[in-house]
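Indexing begins at 1, ligand by ligand and atom by atom, following the structure's order.
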Amino acid sequence: MSNPHGVAGPARTPVAVLSGTGYGGMELLRLLHAHLSFELVEVTARTGLGQRVCDLFPQLPGVTLPLTERVECAELVFVALPDDAAVAVVPELLVAGRRVVDLSAGFRLREPALYPEWYGYEHPAPALLEMAVYGLPELHRAALKDATLVACPGCYPTAALLALAPALAKGLIEPDIVVDAKSGLSGAGRGLSLGTHYAEANEDVAAYGLPGHRHWPEMLQELADLLPQPSAASREGDEESRIRLTFTPHLVPMTRGILATCYADLRAGIKADVVRAIYTAYYASEPFVHVIGQPPHTKHASGTNHAYVYPTVDPRTDRLVVLAVIDNLGKGAAGQAIQCANVMTGLPETLGLDAAGLYP
Ligand SMILES: NC(=O)c1ccc[n+]([C@@H]2O[C@H](COP(=O)([O-])OP(=O)(O)OC[C@H]3O[C@@H](n4cnc5c(N)ncnc54)[C@H](OP(=O)(O)O)[C@@H]3O)[C@@H](O)[C@H]2O)c1
């Protein structure tokens with residue numbers, strides 16, 4: 001079998017994208033077309049059925065597959081649907097024996113009761129929440145290897161978790177955390193809305209989703225897992241109540257990118273050089289997370305699966321200030337999904353994802 005570059009090689013895993021007409025789906029198509037070990041065999045859509053992807057989207061000239069209604073033969077399916085559509089379709093994909101990497105929020109929360117509260121519906125397949133693996137390889141690599149259902153993190157949680165994981169896991173901070181984050185407009189998807197309308201969003205910056213954005217319970221769930229085990233004297237099994245989390249998202253007039261600025265008080269006696277050493281060691285063997293010595297720009301990560309993390313200490317307040325940037329469609333969505341699929345199928349984790357940033 002030949003790869004997309006016409007070079008003979010071993011058999012590739014047949015994969016599908018469901019659906020290919022949104023921003024996350026298109027980014028998957030861009031990356032999968034160049035992947036040496038996944039063979040893109042199906043792309044579904046509601047609109048444009050029967051038309052070739054390259055005819056609808058000239059930026060994907062090599063993707064000559066027609067859009068189809070259903071997945072018929074892929075072994076692994078990337079689901080890039082709104083969460084309510086994803087929870088309806090994922091169970092049947094699993095019953096058909098396919099492995100699923102879901103980009104939506106439909107399987108990220110372990111607690112079914114959170115879905116009515118935060119997403120407005122009763123979860124139709126609560127048993128699957130127990131088996132879904134949260135798709136942040138830096139935190140859940142071992143569990144991903146045998147996963148049949150992966151729930152990729154949201155873009156804000158990806159940035160915030162990468163920013164805060166070393167500090168929480170290594171006990172550097174008090175668990176009273178503020179995440180102030182900014183996103184480009186593609187984070188809202190391709191559908192039209194007043195808030196993403198050019199005349200409304202251009203030259204404007206505003207917070208949204210207050211007082212509680214949907215990514216808050218997801219962040220809390222994963223941050224709580226990072227806490228060192230409570231002492232015998234503390235209450236067990238109630239890690240989430242040990243964290244106070246304030247999260248404020250903002251929309252900024254750029255196409256791609258997330259910048260998360262996170263604040264927490266350092267535990268007594270912890271100094272900037274210790275913080276930096278711990279962050280550097282924590283991510284030393286991670287191919288996609290880079291601890292850098294200057295405040296990162298969203299452009300550093302643009303078009304890539306890389307995350308840039310800058311931990312610093314405000315000596316006047318003894319507060320940790322840690323910044324992280326990602327591309328919301330890369331490490332925040334499609335790139336991360338492919339990173340997870342690489343782990344699931346035993347491939348080198350960086351395969352198809354080693355592109356450098358698009359700059360300026
Ligand atoms: N954008 C990001 O930065 C980002 C980051 C992380 C995770 N995610 C998640 O990834 C998923 C896709 O996001 P996106 O940004 O790609 O959204 P999007 O641009 O709005 O695309 C949504 C896709 O789903 C299809 N679709 C919508 N409703 C459907 C339904 N009821 N049944 C079948 N297909 C339906 C759309 O098809 P039509 O074109 O035919 O309407 C389109 O292909 C979402 O769950 C989102 O939360 C997105």
Side-chain angles (χ1 to χ4, degrees), residues 16-32 42-51 53 56-57 60 63 67-71 77-90 92-93 100-109 115 118-121 124 132 134-136 150-162 181-193 195-196 209 213-215 218-219 249 251-252 254-260 298 301-305 307 325-340:
V17 172
L18 192 169
S19 115
T21 55
Y23 285 154
M26 286 183 208
E27 187 72 350
L28 280 164
L29 297 180
R30 184 175 79 86
L31 295 170
L32 288 169
E42 290 161 312
V43 184
T44 74
R46 291 190 301 189
T47 49
L49 282 176
Q51 296 189 57
V53 172
L56 280 175
F57 305 120
L60 296 167
V63 187
L67 293 168
T68 60
E69 204 168 358
R70 293 178 54 79
V71 173
V77 182
F78 295 93
V79 175
L81 297 172
D83 52 276
D84 52 348
V87 295
V89 77
V90 164
E92 66 194 58
L93 293 170
V100 172
V101 179
D102 181 26
L103 276 65
S104 87
F107 298 92
R108 292 179 196 154
L109 302 175
Y115 279 91
W118 290 91
Y119 287 90
Y121 55 83
Y134 192 74
L136 192 59
V150 170
C152 288
C155 42
Y156 285 122
T158 296
L161 291 167
L162 293 175
K182 285 96 188 162
S183 173
L185 291 166
S186 63
R190 195 162 177 243
L192 299 175
S193 71
T196 55
H213 186 278
R214 288 170 164 187
H215 286 171
E218 180 186 333
M219 273 184 212
L251 209 54
V252 299
M254 61 184 181
T255 302
R256 288 171 179 246
I258 298 258
L259 165 64
T298 52
S302 189
T304 80
N305 195 51
V325 300
I326 58 168
D327 183 329
N328 56 294
L329 292 173
K331 183 66 176 159
Q336 180 126 277
I338 291 173
Q339 187 184 350
C340 290

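- Looking from atom 1 (N) of ligand 1 to the surrounding protein, the closest heavy atom is Ser186 O, 3.0 Å.
- Between the side chains of Glu218 and Tyr156, no donor-acceptor pair is found at a separation under 3.5 Å.
- Within the 4.5 Å cutoff, side-chain heavy atoms of Arg30 are placed close to those of Leu60.
- In terms of heavy-atom proximity, Ala105 sits nearest to Asp83 at N-CB, 3.9 Å.
- The closest side-chain heavy-atom distance from Glu69 to Leu49 is below 4.5 Å.
- Taking every heavy atom of Asn328 and a limit of under 4.0 angstrom, the matching atoms of ligand 1 come to 2 (C), 3 (O), 5 (C).
- The protein reaches atom 41 (O) of ligand 1 closely, with a heavy atom under 4.0 angstrom from it.
- Side-chain contact between His213 and Met219 is absent, with no heavy-atom pair separated by less than 4.5 Å.
- Heavy atoms of Cys152 found under 4.0 angstrom from ligand 1: none, in either backbone or side chain.
- Protein heavy atom closest to atom 37 (O) of ligand 1, with residue, atom name and distance, is Thr21 OG1, 3.2 Å.
- The shortest N or O to N or O distance between Gly22 and ligand 1 is under 3.5 Å.
- Proximity of a side-chain donor or acceptor of Arg256 to a complementary backbone N or O of Leu329 within less than 3.5 Å is not detected.
- Close approach of ligand 1 to Arg190 is summarised as follows: ligand atoms under 4.0 Å from at least one heavy atom of the residue are 18 (P), 19 (O), 20 (O).
- Looking from atom 48 (C) of ligand 1 to the surrounding protein, the closest heavy atom is Ala333 CB, 4.6 Å.
- The contact set between ligand 1 and Leu329, taken as ligand atoms under 4.0 Å from a residue heavy atom, comprises 1 (N), 2 (C), 3 (O).
- Side-chain contact between Asn328 and Tyr23: absent, with no pair of heavy atoms (C-beta onward) separated by less than 4.5 Å.
- Contact of the Ser19 side chain with the Arg46 side chain is not registered, since no non-hydrogen atoms from C-beta on lie closer than 4.5 Å.
- Counting only heavy atoms of the protein, atom 15 (O) of ligand 1 lies nearest to Gly189 CA, 3.2 Å.
- Relative orientation of the Tyr121 and Tyr119 rings is tilted, given thresholds of 30° and 60° on the angle between their planes.
- Protein heavy atoms are found inside the 4.0 Å sphere centred on atom 29 (C) of ligand 1.
- At a threshold of 4.5 Å between non-hydrogen side-chain atoms, the residues Lys331 and Leu162 count as touching.
- Numbered from 1 in the order shown, with element, the atoms of ligand 1 that lie under 4.0 Å from a heavy atom of Ser104 read 45 (O).
- For ligand 1, the atoms closer than 4.0 angstrom to any heavy atom of Gly332 are 5 (C), 6 (C).
- Shortest contact from atom 7 (C) of ligand 1 to any protein heavy atom: Leu103 O, 3.4 Å.
- Each of the atoms 11 (C), 24 (O), 25 (C), 33 (C), 34 (N), 35 (C), 44 (C), 45 (O) of ligand 1 lies under 4.0 Å from some heavy atom of Leu81.
- The single protein non-hydrogen atom nearest to atom 14 (P) of ligand 1 is Gly24 N, 3.9 Å, given as residue, atom name and distance.
- The two residues Thr255 and Ser186 make their nearest non-hydrogen contact at O-OG, 2.7 Å.
- For atom 26 (N) of ligand 1, the candidate residues are Ala85, Pro82, Ser19, Gly106; the nearest heavy-atom contact is made by Pro82.
- Within ligand 1, the atoms closer than 4.0 Å to a non-hydrogen atom of Gly187 are 1 (N), 2 (C), 3 (O), numbered from 1 in the order shown.
- Within the 4.0 Å heavy-atom shell around ligand 1 one finds Ala80.
- Backbone and side-chain nitrogen or oxygen atoms of Arg46 are examined, and one is located within less than 3.5 angstrom of a nitrogen or oxygen of ligand 1.
- Short contacts between ligand 1 and Thr47, defined as distances under 4.0 Å to a heavy atom of the residue, involve ligand atoms 38 (P), 39 (O), 40 (O).
- Of all the heavy atoms in Leu28 and Ala337, the pair that sits closest is CD2-CB, 4.2 Å.
- Under the 4.0 Å distance rule, the nearest protein heavy atom to atom 9 (C) of ligand 1 falls inside the cut-off.
- The side-chain heavy atoms of Leu93 and Val79, taken from C-beta on, include a pair separated by under 4.5 Å.
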